[in-house]
S.K.: 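Sharing a structure with you now.
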Amino acid sequence: MFAVTGASGQLGRLVIDALLNRVAPGEIVALVRAPDSVSDLAARGVQVRAFDYDAPETLAPALAGVSRLLLISGNAVGSRVPQHGAVIGAAKAAGVALIAYTSILNAEHSPMLLAEEHKATEALLAASGLDTALLRNGWYTENYLMGAAAAVEHGVLLGSSGDGIISAAARVDYAEAAATVLARGLTGTFELAGDVGFTQAELAAALAEISGKPVVDQNLPQADYAAVLEQVGLPGPFAAILADSDARAGEGALFDASGTLSQLIGRPTTPWRETIAAGLTG
Ligand SMILES: NC(=O)c1ccc[n+]([C@@H]2O[C@H](COP(=O)([O-])OP(=O)(O)OC[C@H]3O[C@@H](n4cnc5c(N)ncnc54)[C@H](OP(=O)(O)O)[C@@H]3O)[C@@H](O)[C@H]2O)c1
């Protein structure tokens with residue numbers, strides 16, 4: 001059986017969809033905090049089990065019969081190492097054979113603050129002795145939709161990534177890769193990213209073209225960008241982490257030209273302009 005944590009999330013739901021194209025619904029277990037939130041999956045024949053990273057004692061029983069597990073990294077930045085550790089311990093106790101984990105691009109060399117919890121989780125996986133597949137995901141193109149409408153409205157795209165090329169791919173591409181790895185039982189380290197990346201200036205030009213309104217790109221020092229993110233409502237620590245990510249992307253931390261993702265999914269990755277256009281106009 002194939003189990004997926006975070007199955008109620010944006011990536012998790014796409015992984016379940018991709019798995020449903022590869023294996024029988026009854027072989028898929030959706031692990032979620034709130035089973036009611038995925039009643040549509042239950043209706044499609046997927047097994048739904050309660051699974052909360054913060055309730056470690058409940059995790060091993062929920063993994064009964066599971067041989068391959070996808071651990072989708074949690075979204076509680078700062079709490080993720082104990083959470084992921086609890087899942088890995090439970091998987092070992094339950095006899096899971098393989099864990100795939102959604103890590104970050106170039107995890108062991110990444111200078112990003114966000115990479116720290118992924119490095120620690122990868123170390124826990126290595127120490128577990130379980131077979132592992134490290135899905136080192138680059139950025140989701142969809143991340144840029146969060147600020148896209150505001151950029152179009154104000155005619156300026158703010159950021160700190162300068163000339164850095166961001167090899168982003170669509171969530172659906174990463175989801176297909178995860179489902180492929182799980183269904184085929186692949187192990188190893190996979191640096192996953194889009195075939196064709198973009199710079200901040202190219203993104204601004206695309207926003208202008210798609211919207212028909214002028215959008216210029218304005219590169220800010222990291223501290224100024226963090227202040228802007230805080231001004232628009234992000235909590236200070238999170239604003240600092242996002243500005244760090246952007247500035248490190250400017251130094252190449254989110255660039256990849258390996259083509260591993262497209263090889264794994266057997267098709268080119270979704271063109272970034274397509275994802276941006278669909279999100280902006282749809
Ligand atoms: N590569 C990138 O660009 C990028 C961008 C953003 C995030 N990420 C990482 O990738 C992950 C998946 O992305 P996403 O877009 O699918 O995020 P998402 O929509 O926020 O989904 C996160 C999932 O994690 C689950 N979760 C959170 N805390 C949990 C807990 N204590 N126990 C069990 N499940 C828990 C959520 O469950 P509920 O439905 O119950 O809340 C949800 O299903 C994120 O969690 C984050 O680690 C990567």
Side-chain angles (χ1 to χ4, degrees), residues 6 8-11 33 53-54 72-84 102-107 109-121 137-171 174 193-194 197-208 210-211 213-255 272 275-276 279-280:
S8 53
Q10 298 165 93
L11 180 68
R33 275 196 288 202
Y53 305 149
D54 294 322
I72 292 186
S73 50
N75 52 13
V77 174
S79 304
R80 295 187 291 181
V81 179
Q83 289 182 332
H84 297 166
T102 60
S103 185
I104 194 168
L105 191 65
N106 292 318
H109 303 299
S110 178
M112 289 188 174
L113 290 175
L114 266 180
E116 294 309 314
E117 289 174 303
H118 292 295
K119 289 179 200 181
T121 303
N137 291 348
W139 252 211
Y140 304 151
T141 308
E142 289 90 338
N143 293 345
Y144 294 92
L145 291 173
M146 283 186 281
V152 169
E153 188 189 331
H154 299 294
V156 56
L157 176 70
L158 300 175
S160 283
S161 60
D163 293 331
I165 298 174
I166 294 150
S167 306
R171 268 197 193 86
Y174 296 110
F198 53 87
T199 62
Q200 197 173 300
E202 287 170 332
L203 178 60
L207 291 175
I210 295 162
S211 68
K213 296 178 182 160
V215 180
V216 297
D217 136 61
Q218 189 180 344
N219 199 53
L220 297 174
Q222 181 179 334
D224 294 1
Y225 186 44
V228 168
L229 291 174
E230 208 175 335
Q231 271 163 27
V232 298
L234 290 189
F238 195 53
I241 284 176
L242 289 191
D244 169 81
S245 294
D246 224 43
R248 302 293 80 73
E251 297 160 4
L254 290 175
F255 174 72
W272 61 270
T275 306
I276 297 293
L280 201 61

S.K.: With a 4.5 Å cut-off on side-chain heavy atoms, are W272 and I166 touching?
M.R.: no
S.K.: Give me the atom names and distance for the closest heavy-atom approach of Q83 to D54.
M.R.: NE2-OD1, 3.0 Å
S.K.: Taking C-beta and beyond as the side chain, do L207 and I276 meet within less than 4.5 Å on heavy atoms?
M.R.: yes
S.K.: Out of curiosity, H118 NE2 to S73 OG, how far, rounded to the nearest 0.5 Å?
M.R.: 4.5 Å
S.K.: Taking E142's backbone N and O only, do any of them form a donor-acceptor pair with T275's side chain (distance below 3.5 Å, no angle check)?
M.R.: no
S.K.: Hey, could you give me the CG/CZ distance between N106 and F255, rounded to the nearest 0.5 Å?
M.R.: 10.5 Å
S.K.: Can you tell me how far OG of S110 sits from CZ of R248, rounded to the nearest 0.5 angstrom?
M.R.: 9.5 Å
S.K.: Once you round to the nearest 0.5 Å, how far does CG of L114 lie from CH2 of W139?
M.R.: 5.0 Å
S.K.: Measure the acute angle between the ring planes of Y53 and H84, then classify it against the limits of 30° and 60° as parallel, tilted or perpendicular.
M.R.: perpendicular
S.K.: Testing the basics here: between A193 and A169, what is the closest heavy-atom pair and its distance to 0.1 Å?
M.R.: C-CB, 4.2 Å
S.K.: Do the side chain of T121 and the main chain of V81 share a donor and acceptor less than 3.5 angstrom apart?
M.R.: no
S.K.: Taking the side chain as C-beta and beyond, is there a heavy-atom pair between D246 and Q222 under 4.5 Å?
M.R.: no
S.K.: Kindly indicate whether the side chain of K213, heavy atoms from C-beta on, has any atom under 4.5 Å from the side chain of E153.
M.R.: no
S.K.: Which atom pair, heavy atoms only, marks the closest approach of A204 to V216?
M.R.: CB-C, 4.0 Å
S.K.: Identify the heavy atoms of A107 and S103 that sit nearest to each other, and give their distance.
M.R.: CB-OG, 3.6 Å
S.K.: Using modelled atom types only, decide if a donor and an acceptor are shared between the side chain of E117 and the backbone of G78 within a distance under 3.5 Å.
M.R.: yes
S.K.: Please name the pair of heavy atoms, one in I104 and one in M112, separated by the smallest distance, quoted to 0.1 Å.
M.R.: CD1-SD, 4.1 Å
S.K.: Once rounded to the nearest 0.5 Å, what's the spacing between atom CG of L158 and atom CG of D217?
M.R.: 9.0 Å
S.K.: I'd like to know if the side chain of N219 reaches the main chain of G162, judged simply by a donor and an acceptor atom lying under 3.5 Å from each other, with no hydrogens or angles considered.
M.R.: yes
S.K.: Examine distances only and state if a side-chain atom of S160 and a backbone atom of L220 form a donor-acceptor pair shorter than 3.5 Å.
M.R.: yes
S.K.: Would you call the rings of Y144 and F198 parallel, tilted or perpendicular if under 30° counts as parallel and over 60° as perpendicular?
M.R.: perpendicular
S.K.: Who passes salt bridge (charged side-chain N to carboxylate O under 4.0 Å, His left out) against E202, sequence neighbours left out?
M.R.: none
S.K.: Measure from the side-chain N and O atoms of Y225 to the backbone N and O of D244, and report whether any donor-acceptor pair falls under 3.5 Å.
M.R.: no
S.K.: Nearest 0.5 Å, please: how far is CD in E251 from OG in S161?
M.R.: 11.0 Å
S.K.: Would you indicate whether the side-chain heavy atoms of S8 and R33 approach each other to under 4.5 Å?
M.R.: no
S.K.: Of all heavy-atom pairs between L280 and A148, which one has the smallest distance, and what is that distance?
M.R.: CD1-CB, 3.7 Å
S.K.: Are more than 12 heavy atoms, taken from residues, nucleotides or ligands other than D163, located less than 6.0 Å from that residue's CG atom?
M.R.: no
